[in-house]
Structures are given as C-alpha cells and as structure tokens.
Amino acid sequence: DVQLQASGGGWVQPGGSLRLSCAASGFTFGDYDIGWFRQAPGKEREGVSSISSRGGNIYYADSVKGRFTISRDNAKNTVSLQMNSLKAEDTAVYYCGRKRYGSTWYRFVRAYAVDYWGRGTQVTVSS
C-alpha cells in the first residue's frame, strides 16, 4: 500500500525553525514528484513547496520563498522541508502528497493533482 507519513510539526515562536519530514513506502519513490501542502483553519489547502522525482524542479509558494527549503533523499524515501523564520501565518496542518501520474506540474504544485496524501502534522507559530 502507498503510504506517506509526515512528521516534525510542533509549536514554535515567531522567527523559529522546524524541519518536517515525509517518509514514503509502498511505491517506487524515485519515480514520483512529492510536495508539501498546508491547510489553515477556514482556508483551502494550498501548495507550499514541491520537488520533482530527481530533484531537478523545485517550486516554492511566494509566501515561503527564501524561508523554506525542500530536499529529498531517494535512497531513504524521504522528503524534508526546512522551515526558517516562521511566521504566525505559517500556522497550519502540513501534508505531504504524491503527484498523480500523468498530471501536470502546474496542477500538482497547486494541490490539484495529488493522488495520495500523508497524514498531516500540525505546525503552530505563536508567541
């Protein structure tokens, strides 16, 4: 079975850092683009950052550029999201997701073409 497990969330003060990790199993990890998405209360799920199967294409939402860094280790079947300079508006449940085969990158980074979602991890940024 395809599984994606997000971890690493927690509470942090504004300006702090967290590192999220997505562990995958049940499929050939190196063949798939993987992304991080988030959903705040009362808002739609949005794309945060995505990385292509071999790491050649990377997307960041404008709101996180310069603060978040995505990376992947295909030998360990993991994708990480390093989040620095966190702001209150980054508070959300964060999910990792796998791009649906045959869908476009454009749709995927906007959370429209995810075929499997991991269980989310809560990130709370407050003082």
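Numbers here simply count residues along the sequence, with the first being 1. Side chains are part of it too, since the values below use all heavy atoms of this structure and drop only hydrogens, waters and symmetry mates.
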Review point. Counting heavy atoms not belonging to E89, are there more than 12 under 6.0 Å from its CD?
Key: yes
Practice item. Could you please spell out the steps behind the side-chain hydrogen bond (donor to acceptor under 3.5 Å, both in side chains) verdict for S53 and D31? Key: CA-CA 5 Å; S53 60; D31 286 350; over 6 Å; no
Practice item. Start with the C-alpha distance between W36 and C96, add both sets of side-chain angles, then the distance that settles side chain to side chain contact (heavy atoms under 4.5 Å, CB included), and finish with yes or no. Key: CA-CA 4 Å; W36 284 98; C96 55; 4.1 Å; yes
Check your understanding: In Å and rounded to the nearest 0.5 Å, what is the CD1 to CE distance from I70 to M83?
Key -> 11.5 Å
Study note, to complete from the structure: All heavy atoms of L18 vs all of V12, minimum pair found to be CD1-CG1, 4.1 Å
Review point. Does the side chain of S52 come under 3.5 Å of the side chain of D33 through a donor N or O and an acceptor N or O?
Key: no
Practice item. Report the residue from V64, V93, L81 that forms a side-chain contact (heavy atoms from CB on, under 4.5 Å) with R38. Key: V64
Exercise for review: Answer yes if Y60 and V125 sit in the same cluster of Ile, Leu, Val, Met, Phe, Trp and Tyr residues linked by side chain heavy atoms under 4.5 Å apart, and no otherwise.
Suggested key: yes
Review point. In Å, rounded to the nearest 0.5 Å, how long is the span from CG of D90 to OG of S63?
Key: 7.0 Å
Exercise for review: Please report the shortest heavy-atom distance between F37 and V109, naming the atom on each side.
Suggested key: CE2-O, 4.1 Å
Exercise for review: Output, in order, the C-alpha distance, side-chain angles, deciding distance and verdict of side chain to side chain contact (heavy atoms under 4.5 Å, CB included) for V2 and D115.
Suggested key: CA-CA 10 Å; V2 173; D115 62 357; over 6 Å; no
Check your understanding: So L86 and F68, side chain to side chain contact (heavy atoms under 4.5 Å, CB included) or not? Walk me through it.
Key -> CA-CA 9 Å; L86 282 160; F68 291 11; 3.8 Å; yes
Practice item. Could you pull out the closest heavy-atom pair between Q82 and S17, with the gap in Å? Key: NE2-CB, 4.0 Å
Practice item. Using a 4.5 Å cut-off on heavy atoms from C-beta on, say whether the side chain of R100 contacts that of V114. Key: no
Review point. So, the side chain of T121 versus the backbone of G9: is there a donor-acceptor pair under 3.5 Å, distance only?
Key: yes
Check your understanding: Are L4 and R98 close enough, and set up right, to give a side chain to side chain contact (heavy atoms under 4.5 Å, CB included), and what steps lead you there?
Key -> CA-CA 8 Å; L4 297 167; R98 190 184 82 166; 4.1 Å; yes
Review point. Do the side chain of R110 and the main chain of G47 share a donor and acceptor less than 3.5 angstrom apart?
Key: no
Point to revise | Side-chain heavy atoms of K87 within contact of R67, under 4.5 Å | key: yes
Review point. Any side-chain heavy-atom pair from V48 and Y59 closer than 4.5 angstrom?
Key: no
Point to revise | Separation of C22 SG from Y95 OH (nearest 0.5 Å) | key: 13.0 Å
Revision key, fill the gap. Rounded to the nearest 0.5 angstrom, the OH-CZ distance for Y101 and F27 is 14.5 Å
Review point. What's the shortest heavy-atom distance between G35 and S50, and which atoms?
Key: CA-OG, 3.6 Å
Review point. Could R45 and Y112 be counted as a cation-pi pair, given that NZ or CZ must be under 6.0 Å from the ring centre and within 45° of the axis?
Key: no
Review point. Which distance, rounded to the nearest 0.5 Å, do you find between the OG of S49 and the OH of Y94?
Key: 11.0 Å
Exercise for review: Say whether F29 and F108 are linked into one hydrophobic cluster, either directly or through other cluster members, by side-chain heavy-atom distances under 4.5 angstrom.
Suggested key: no
Review point. Which pair of heavy atoms, one from R19 and one from S71, lies closest together, and at what distance?
Key: NH2-OG, 3.9 Å
**Study point:** Partners passing salt bridge (charged side-chain N to carboxylate O under 4.0 Å, His left out) against R107 (at least two apart in sequence or in another chain)
**Key:** none
Study note, to complete from the structure: Between the CD atom in Q13 and the CH2 atom in W11, the distance rounded to the nearest 0.5 Å is 4.0 Å
Point to revise | Enclosure of Q3 CD (heavy-atom neighbours >12, cutoff 6.0 Å) | key: no
Check your understanding: Shortest non-hydrogen contact from I58 to W105?
Key -> C-CZ2, 4.1 Å
Exercise for review: Verify the cluster assignment for Y32 and L20: are they in a single hydrophobic cluster under the rule of side-chain heavy atoms below 4.5 Å apart?
Suggested key: yes
